[in-house]
Protein chains: 2
Amino acid sequence: MTSTEPPAESAPLRPTRQRRAVSEALAACDDFRSAQEIHELLGRRGDPVGLATVYRTLQRLADAGEVDMLRTEDGEAVYRRCSGSHHHHLVCRSCGATVEVEGPAVERWTRAIADRHGFADVSHTLEIFGTCPTCAES
Amino acid sequence: MTSTEPPAESAPLRPTRQRRAVSEALAACDDFRSAQEIHELLGRRGDPVGLATVYRTLQRLADAGEVDMLRTEDGEAVYRRCSGSHHHHLVCRSCGATVEVEGPAVERWTRAIADRHGFADVSHTLEIFGTCPTCAES
DNA sequence: ACACCTGGTGAGAATGATTTTCAAGTCGGG
DNA sequence: CCCGACTTGAAAATCATTCTCACCAGGTGT
Ligand SMILES: [Mn+2]
Ligand SMILES: [Mn+2]
Ligand SMILES: [Zn+2]
Ligand SMILES: [Zn+2]
């Protein structure tokens with residue numbers, strides 16, 4: 001090859017039973033779920049998908065921006081189908097209930113801070129954890 | 001025991017060579033380091049400390065608020081000696097260079113959001129990742 | 001200095017999440 | 001159909017972090 005490279009052709013992505021299954025499982029729940037949970041859930045409902053495939057699919061969906069991924073306080077990655085626009089989450093530490101929140105001011109602030117220090121290719125993580133009103137009444 | 005409990009006596013914490021070593025190693029570098037890195041570093045300079053001990057010590061320091069802990073984008077926990085007041089970080093994804101940043105407005109905002117949704121016992125994580133000016137000039 | 005109790009250590013095994021392997025299965029265009 | 005490119009998934013491999021547990025050391029009372 002000399003220079004015949006199509007600008008990073010993003011493979012069309014085939015529609016398979018597995019990918020559909022993961023997407024649907026995700027669409028079905030409202031809060032963050034780990035790859036393991038999705039895998040087990042699918043298995044239980046007789047639509048088994050290999051664990052490796054669940055991980056692969058979840059990651060692609062995340063890269064494609066179709067789902068949000070965040071790490072719980074103990075480092076486990078969890079995914080959730082979310083609205084398209086950029087936002088963050090208020091998550092209940094005990095039941096996982098999630099509220100999407102937006103903060104234009106915060107976005108501006110992080111960008112400003114990064115600029116001020118000459119950092120490029122910036123990204124940020126911002127999550128709020130707490131105990132939801134339901135779980136509060138012990 | 002009936003009610004003779006001194007409000008959770010926090011054990012005095014013994015000053016051992018190991019604990020000192022970890023603290024010093026941490027004091028010596030300016031950016032975030034993982035437990036593994038600290039462990040290897042100490043080993044290389046002939047002041048070996050068991051990996052398990054490094055993990056234990058780092059966690060205690062973090063609990064005691066003496067060091068900050070955050071998770072890199074791929075989920076690894078890294079520690080750094082920091083100033084006492086609450087703040088966040090602007091971290092270089094490639095070299096680890098760190099800048100401490102404060103944002104009173106952000107703190108207020110997260111508290112307000114949590115209140116609005118009735119969440120209690122709230123905490124938050126906020127980190128900014130990017131490529132520092134030095135690493136930028138590839 | 002001495003015995004003793006308790007916290008601290010660390011080598012190695014155990015966990016657990018995520019990744020890699022790679023042989024076998026599936027898709028879709030020609 | 002037919003082939004090559006994309007997918008799968010069971011099992012093995014990675015890797016960070018935790019646990020076990022026999023052994024060691026700091027602090028305390030004598
Ligand atoms: Mn944001
Ligand atoms: Mn803060
Ligand atoms: Zn809850
Ligand atoms: Zn850098």
Side-chain angles (χ1 to χ4, degrees), chain A residues 1 4-6 8-26 32-64 67-80 96, chain B residues 1 6 8-26 32-64 66-67 69-80 96:
Chain A
M1 65 176 91
T4 333
E5 307 254 343
E9 282 286 333
S10 54
L13 236 306
R14 273 179 209 168
T16 67
R17 171 185 68 79
Q18 292 81 340
R19 304 222 238 248
R20 226 178 336 272
V22 172
S23 271
E24 281 165 22
L26 225 34
F32 284 93
R33 288 282 190 280
S34 70
Q36 312 258 1
E37 290 174 322
I38 297 290
H39 171 253
E40 195 203 301
L41 172 63
L42 291 175
R44 250 187 289 116
R45 22 187 234 215
D47 198 359
V49 176
L51 182 55
T53 300
V54 173
Y55 271 107
R56 277 187 294 241
T57 304
L58 248 20
Q59 279 166 202
R60 273 190 219 188
L61 287 172
D63 287 345
V67 305
D68 277 6
M69 183 263 259
L70 66 80
R71 292 190 179 273
T72 61
E73 285 176 327
D74 49 87
E76 191 178 1
V78 286
Y79 307 77
R80 175 183 197 261
Chain B
M1 63 175 96
E9 282 287 332
S10 54
L13 235 306
R14 282 180 202 167
T16 67
R17 170 184 69 78
Q18 292 79 342
R19 303 222 238 248
R20 225 178 338 272
V22 172
S23 272
E24 280 164 22
L26 225 34
F32 284 93
R33 289 282 189 279
S34 71
Q36 311 259 2
E37 290 174 323
I38 297 289
H39 171 253
E40 196 202 300
L41 172 64
L42 290 175
R44 251 187 287 119
R45 31 185 228 214
D47 198 1
V49 176
L51 182 55
T53 300
V54 173
Y55 272 106
R56 277 186 296 240
T57 304
L58 248 19
Q59 279 167 204
R60 270 193 224 198
L61 288 172
D63 287 344
E66 287 196 45
V67 305
M69 183 264 259
L70 65 81
R71 291 186 181 277
T72 61
E73 286 176 324
D74 49 87
E76 191 178 4
V78 287
Y79 306 77
R80 175 181 195 264

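Numbers restart at 1 for each chain; the letters A, B, ... are given by sequence-line order, proteins then strands. In this text the structure is predicted, and so the values were computed from the model without any measurement.
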Between atom OH in Tyr55(B) and atom P in dA14(C), what is the gap in whole Å? 18 Å

At under 4.0 Å between heavy atoms, what does Gln36(A) touch on the DNA or RNA strands: base, sugar-phosphate, or nothing? base

Any Arg60(A) side-chain N or O less than 4.0 Å from OP1/OP2 of dT7(D): yes

Any Leu41(B) side-chain heavy atom under 4.5 Å of Arg33(B) side chain: no

Drop me the distance from Leu51(B)'s CG to Arg56(B)'s CZ, to the nearest 0.5 angstrom. 9.5 Å

Hey, is the side chain of Arg19(B) pairing donor to acceptor with the base of dT9(C) inside 3.5 Å? no

Would Ser23(B) and Arg20(B) count as having a side-chain donor-acceptor pair, cut-off 3.5 Å? no

Measure the shortest side-chain to side-chain distance between Tyr55(A) and His39(A) over non-hydrogen atoms and say whether it is less than 4.5 angstrom. no

For the pair made of CG in Leu51(A) and C1' in dT7(D), what is the distance, rounded to whole Å? 16 Å

May I ask you to verify if any side-chain N or O of Gln18(B) is less than 4.0 angstrom from the OP1 or OP2 atom of dG10(C)? yes

Check every atom of dT18(C), dG9(D), dA16(D) against the side chain of Glu76(B) and return the nucleotide holding the closest atom. dA16(D)

Interatomic distance where CD belongs to Glu73(A) and C1' belongs to dT17(D) [whole Å]: 17 Å

Determine whether any donor atom in the side chain of Arg14(A) lies under 3.5 Å from an acceptor atom in the base of dA5(D), or the reverse, and answer yes or no. yes

Most 5' of Ala52(A) and Ala52(B) on DNA chain D, judged by nearest nucleotide: Ala52(A)

Look at Thr53(A) and dG9(D) and indicate whether a side-chain polar atom (N or O) is within less than 4.0 Å of OP1 or OP2. yes

Arg71(A) CZ to dA16(D) P, in whole Å, measures 13 Å

Start at the 5' end of DNA chain D and walk down; is the nucleotide closest to Val78(B) or to Pro48(A) reached first? Pro48(A)

Phosphate oxygens OP1/OP2 of dG7(C): is one of them under 4.0 Å from a side-chain N or O of Thr16(B)? no

For atom CG of Asp47(A) and atom C1' of dT8(D), their distance in whole Å: 14 Å

Does the side chain of Thr57(B) pick up a donor-acceptor pair with the side chain of Arg60(B) at under 3.5 Å? no

Within this structure, what is the NE2-to-C1' distance between His39(A) and dA17(C), rounded to whole angstrom? 13 Å

Starting from C1' on dT18(D), measure out to CD on Gln59(B) and report it in whole angstrom. 9 Å

Using whole Å, report how far CG of Leu13(A) lies from P of dC27(C). 14 Å

Any N or O donor-acceptor pair linking the side chain of Arg56(A) to the base of dG9(D) at under 3.5 Å? yes

